[in-house]
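What follows is a set of notes on a single structure, which appears directly below.
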Amino acid sequence: MRNGVQAQVPVLYVADADAARGFYEVFGYTVQRTGGDGDSHWCYLQCGDLSLLLAAVTPRLVTVELPLLIYLYVDDLTATTDRLTAAGYAVERVGYPAHAPGGECRTTDPDGNTVLYGQRRAVPAQARDARTGAEARFSLIREAAEAVGRRGGAPARCQIGGPRGEPCPEPAEVKLADSWGDTVWGCLAHADETLLNARGAFLASEDAMGLAAFLGMRHAQPDATAQS
């Protein structure tokens, strides 16, 4: 008897199986089988040795509060991006992280799930695209982390952690906040993820010229009307 997993089939619940199928076909998936009737439809896709099952079921068997994040490695980042753009999907270039030295991009599928795709084959520095807004954002996060490192005071570990509450072993490098007063310390990767998905989150600065210092300076100034 053979032990262990023999196959893995990710299941993605979608609102419209045909719309989702059209999106993932751009990445090279092809339809192998379809089925269902009434309020239940499914579509089995294959791309080489990889498979994906799209399920449109009413009511949904599984409900998630947040959109999913799917990561795909592609053979040719530029060609994939061109196909997505031609099909009407918005694409944002993310940069050239260590896990995707050939480049990484972000798009959204018809159900609102974030789809990141990268190229493992590296490209020379002179062939890389100019820095994008996303890269500029991450540069700001890195600059904030460097400022925290010089000043000190950050907790030892990232407080954001994984999607199921598992702790993150990386050091806390930046502090995030929102307008409700909640704060959290995170590593660079989790801070970037939080800024993308938590709409009200922003980088929290503890520099001397924060709001409290500004109000203190303002109130310390003499009242011009009282002097006249």
Side-chain angles (χ1 to χ4, degrees), residues 4-123 128-129 132-135 138 162-164 189-190 192-199:
V5 177
Q6 297 182 0
Q8 178 176 298
V9 182
V11 179
L12 186 62
Y13 284 91
V14 299
D16 186 327
D18 289 335
R21 172 190 52 76
F23 174 82
Y24 287 99
E25 281 181 335
V26 177
F27 286 95
Y29 286 94
T30 57
V31 177
Q32 300 299 304
R33 297 187 299 276
T34 60
D37 53 24
D39 293 331
S40 176
H41 297 276
W42 57 269
C43 181
Y44 186 82
L45 305 178
Q46 192 82 19
C47 184
D49 295 330
L50 305 176
S51 58
L52 178 64
L53 179 64
L54 305 176
V57 180
T58 306
R60 291 192 179 191
L61 299 180
V62 176
T63 302
V64 294
E65 295 181 359
L66 296 175
L68 301 176
L69 190 149
I70 302 168
Y71 200 101
L72 304 172
Y73 279 109
V74 299
D75 295 327
D76 191 323
L77 189 85
T78 300
T80 302
T81 301
D82 289 344
R83 291 197 302 270
L84 284 165
T85 303
Y89 300 106
V91 176
E92 176 188 9
R93 290 191 176 271
V94 178
Y96 296 85
H99 57 267
E104 187 176 74
C105 293
R106 179 187 293 107
T107 187
T108 305
D109 75 4
D111 288 272
N113 300 311
T114 297
V115 178
L116 286 170
Y117 60 95
Q119 179 178 301
R120 285 178 169 147
R121 175 174 48 83
V123 296
R128 295 183 175 186
D129 293 327
T132 63
E135 289 180 272
F138 196 79
R164 295 177 178 84
H190 281 137
D192 185 49
E193 177 186 357
T194 302
L195 288 172
L196 282 172
N197 293 291
R199 296 181 181 178

Flag the pair [X] / [Y] as yes when at least one side-chain heavy-atom distance between them is below 4.5 Å, and no otherwise.
X	Y	result
Val94	Leu116	yes
Tyr24	Asp109	yes
Leu84	Phe27	yes
Leu45	Leu54	yes
Tyr96	Val123	yes
Thr108	Val115	no

query: Among all residues two or more places apart in sequence or in another chain, which pass the salt bridge (charged side-chain N to carboxylate O under 4.0 Å, His left out) test with Glu193?
result: none
So, for [X] and [Y], which heavy atoms are closest and what is the spacing to 0.1 Å?
X	Y	answer
Ala15	Ala56	O-CB, 4.3 Å
Ser40	Val57	OG-CG2, 4.0 Å
Pro110	Ala19	CG-O, 3.6 Å
Tyr29	Cys47	CD2-CB, 3.6 Å
Arg83	Val26	NE-O, 3.0 Å
Gln119	Leu77	OE1-N, 2.8 Å

message: Rounded to the nearest 0.5 Å, what separates atom CZ in Arg21 from atom OG1 in Thr30?
response: 11.0 Å
Full working for side-chain contact (heavy atoms from CB on, under 4.5 Å) between Cys43 and Val31: CA-CA 7 Å; Cys43 181; Val31 177; 3.9 Å; yes
Heavy atoms of other groups near Asp75 CG, more than 12 under 6.0 Å: no
task: Check side-chain hydrogen bond (donor to acceptor under 3.5 Å, both in side chains) between Tyr117 and all other residues, then give those that pass, not counting sequence neighbours.
output: Thr81
side-chain hydrogen bond (donor to acceptor under 3.5 Å, both in side chains) partners of Thr107, counting only residues at least two apart: none
query: Counting only N and O atoms by type, is there a donor-acceptor contact under 3.5 Å from the side chain of Asp111 to the main-chain atoms of Asn113?
result: no
message: Keeping Glu104 on the side-chain end and Arg106 on the backbone end, is there a donor-acceptor pair under 3.5 Å?
response: no
message: Measuring centre to centre across the rings, with the benzene-like ring taken for any Trp, is His99 within less than 6.0 Å of Tyr71?
response: yes
